[in-house]
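Working notes for the structure below.
Just the heavy atoms: all of them, side chains too, but no hydrogens, waters or symmetry mates, feed the values below. Every chain is numbered from 1, with letters handed out A, B, ... down the list of sequences.
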Amino acid sequence: MTSYRTHSCGALRREHVGQTVFLQGWVHRVRNLGGVTFFDIRDRHGLTQVVARAGDALTQAGKLRPEFVVAITGTVEARDAAVVNTKIATGEVEVVATGIELLNEAKTPPFAINEDTAVSEETRLRYRYLDLRRPALQRNLILRHNVSIAARKYFDSEGFLEIETPILTKSTPEGARDYLVPSRVHKGEFFALPQSPQIFKQILMIAGMDRYFQICRCFRDEDLRADRQPEFTQIDVEVSFATEELIYSIVEGAIVAMWQAAGHTVATPFPRMSYADAMRRYGSDKPDLRPGMEISDVSELFRESAFSVFKDAVSAGGVVRGFVVKGAAGYSRKDLDGLTEQAKQLGAGGLVWVRLAQGALQSSALKAAGEAPLRAAFEACGGVEGDLLLLTSGEETKVATWLGTLRLIVARKEGLLKGDDFRFVWVTEFPLFEWNPDEKRWDSMHHPFTSPQPDDVPLLETNPGQVRARAYDLALNGSEIAGGSIRIHQPDVQRHAFRLLGISDEQAAARFGFFLEALEYGTPPHGGIAFGLDRIVALLCEESSIREVMAFPKTAQAVDLMAGSPSTVDDRQLRELHIATTGK
RNA sequence: GGGGUCGUAGUUCAGUUGGUUAGAACGCUGGCCUGUCACGCCAGAGGUCGCGAGUUCGAGUCUCGUCGGCCCCGCCA
């Protein structure tokens, strides 16, 4: 076998009839009828049926098993109308084999590659190279490729330069845990893998690169989730002289291009919502706009009510909030008890339901509260005949997140979360700081290079918790798919920000000294954003885990089941790196 | 670190109140078969019931521990 294939396994059509072709691929499925053997040959482009009718070809075909690698020489023939296979693109023709060369045998695979059957994820990850042969992952990785290429073309056409930044870089104790790499040359010293290229991209702005992007791997040593892997891919973007409006329009253009690459049309501009609004109306900083079901505040209706649970919550400075589920008055007692139980598991004291059925108001709190305030709340939240209202009370931020979570549970139950309904929303005006109760200090909500809103600068000293940042996230269907900010470009403001975060000038100099120094040399105002490419592709593929759009993902315990990493290393390697381990 | 859930043949699963020799489908092996395309028919092989203790006359089944997959909380600037 010294020739290359003349066609892929998905290429042959009626127009090729009569041609002699040479195909290479995997045996997909064999149908041995005795005097004639049919089999399908597969590559990532498709399937082609091969017929072996006589002679050596028939003998060879009889030895074939699924996943054997073969080279076929043969003639393309049209199939009779009665035996056209409309399920495959090449189904109007077949290749009559004159030669079948076995290029490689294959062990019987641990799961079927030739059918789309359920297999445990553990087995799929152990034999990832076999899972990757199956259509589902092939489709996902092809779509990922198309989206990446579309993003590259878009940013190139908008005048961005793709510039690589170091993988071996410097540890910065803020934020996520770093993956560390010991230095052989410098005893006892370590590189860190980048959590993001944040400082480097800002330095590229200082360096006059103007518009930078990079499709880059980022590393964070934190616990995993369905949408979080220890290494993941960002489309990292930074722009000099940027305003929020410029970033929004650049990002919206990129989203249009990426969605177009996946076959979808996206309307811009995207709606915007402040962080405060998002938390109040959706109980989330990445609101899912698909199900409606906005959260309403009805605290005032219960301030003087007979219902002590709500009344006490309000007088203690808390809130009473809830949302209406359209047409859900028919929920069974079991459904409602289940929701109440879920609310309690989230930490809520309980859940009050109110419904209007055949004109009669029913509620779990009817006796305790009386009808009037419950009816008022029901109407205030937009409830009509046939609807169900779910209410709870307590401290404001807790109530918001309880209801935010419950809202998504109900929306899923109601089938209101369609995967191909893309509802983008900008979330803006994030708080600059959040209180860290363990350390008893303010932490950056985004990162320490984020600029405050100019109007809020006077609050920096007096009321840091009220300072809004020039930070923004792009949320899609309850996922954060991009996040960024306008950065601090004045060195004195940056030093001040570090001090507010409890980072002394000495610490700042040790960790970020090179950056603070760079800021002194004529830094343009700048800002940027980073897209979570894995999450974007997962949403486009309607996959619930980013593992389904990564070629070689890790398990929830951060293990690569195929490669068997992480693993121990030779003592010699450790000695060379000046490393001693403390054992398990 | 915590909570939930799952682990039985190569794969996906069933397995009753704890009771004889742990089943099915697909796959696999052998045989037959000249128009199949999830080919068909016949026969067969295949199990440390994740692992380790314990309870019991007896454990796939009950208890404890442990390992692993998945989901969530914490964590993720």
Side-chain angles (χ1 to χ4, degrees), chain A residues 28-41 47-54 58 61-62 65-67 77 79-88 90-91 94 96 107-127 130-131 172-178 195-196 198-199 218-230 232 342 345-347 401 405 408-409 430-434 436-438 442-450 469 471 480 483-485 497-498 501 503 511-512 530 532 544-545 547 553-557 559 561:
Chain A
H28 186 68
R29 197 181 282 280
V30 182
R31 294 174 292 279
N32 185 341
L33 276 65
V36 62
T37 293
F38 298 91
F39 62 94
D40 302 313
I41 179 173
L47 285 176
T48 300
Q49 174 163 280
V50 180
V51 197
R53 289 207 183 101
L58 184 61
R65 299 289 178 272
E67 304 313 313
E77 290 192 3
R79 298 205 205 180
D80 288 342
V83 293
V84 164
N85 185 347
T86 53
K87 292 179 201 161
I88 57 176
T90 61
E94 61 194 2
V96 179
K107 290 167 73 174
T108 300
F111 53 86
I113 286 65
N114 57 17
E115 42 191 276
D116 189 23
T117 49
V119 184
S120 76
E121 189 157 3
E122 192 169 0
T123 306
R124 292 175 52 209
L125 289 169
R126 164 86 176 75
Y127 299 96
L130 297 179
D131 200 20
T172 55
E174 285 71 31
R177 285 185 203 90
D178 286 321
Q195 296 176 24
S196 83
Q198 184 60 35
I199 291 179
C218 301
F219 306 85
R220 295 179 188 174
D221 186 6
E222 295 293 345
D223 288 340
L224 290 80
R225 288 286 188 279
D227 64 348
R228 279 170 22 198
Q229 285 269 311
F232 61 99
Q342 302 212 51
Q345 278 173 12
L346 294 169
T401 54
T405 305
L408 293 179
I409 290 170
F430 276 79
L432 187 61
F433 302 111
E434 60 188 341
N436 181 334
D438 295 331
W442 294 101
D443 279 346
S444 296
M445 192 155 186
H446 186 53
H447 57 51
F449 315 108
T450 304
E480 178 198 330
S485 62
F498 283 140
L501 293 167
I503 301 170
R511 295 174 197 171
F512 308 111
S544 54
S545 165
R547 290 187 302 277
K554 292 176 178 58
T555 69
Q557 300 303 313
V559 166
L561 290 177

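For A/R225, the side-chain atoms get nearest to B/C75 when compared with the rest of B/U12, B/C75, B/C37. Taking only side-chain atoms of A/R65, from C-beta outward, the nucleotide of B/C28, B/G30, B/G69 with the closest atom is B/G30. The side chain of A/A556 approaches B/C71 more closely than any other nucleotide in the set B/C76, B/C71, B/C39. Looking at the side chain of A/L33, the nearest of the listed nucleotides B/U36, B/G69, B/A38 is B/U36. Listed nucleotides B/C70, B/C76, B/U12 differ in distance to A/E121; the shortest reach to its side chain belongs to B/C70.
Residue A/T117 places no side-chain N or O under 4.0 Å from the OP1 or OP2 atom of B/U12. Considering only side-chain N and O atoms, A/R79 lies nowhere under 4.0 angstrom from the phosphate OP1 or OP2 of B/C37. Between A/K107 and B/C28, a side-chain N or O to OP1/OP2 separation shorter than 4.0 Å is absent. In terms of phosphate contacts, A/R547 brings a side-chain nitrogen or oxygen within less than 4.0 Å of OP1 or OP2 of B/C71. Residue A/R31 places at least one side-chain N or O closer than 4.0 Å to OP1 or OP2 of B/C39.
Counting non-hydrogen atoms under 4.0 angstrom, A/R29 reaches the backbone sugars and phosphates but no base. Across all strands, A/N85 comes closer than 4.0 Å to base atoms (heavy-atom distances).
Two residues, A/Q198 and A/S120, neighbour RNA chain B, and the one matched to the more 5' nucleotide by heavy-atom proximity is A/S120. With RNA chain B read from its 5' end, the first of the two nearest nucleotides for A/P448 and A/V30 is the one closest to A/V30.
Nucleotides B/U61 and B/G18 have their P atoms positioned 11 Å apart, rounded to a whole Å. Nucleotides B/G23 and B/C64, compared at atom P, are 30 Å apart to the nearest Å.
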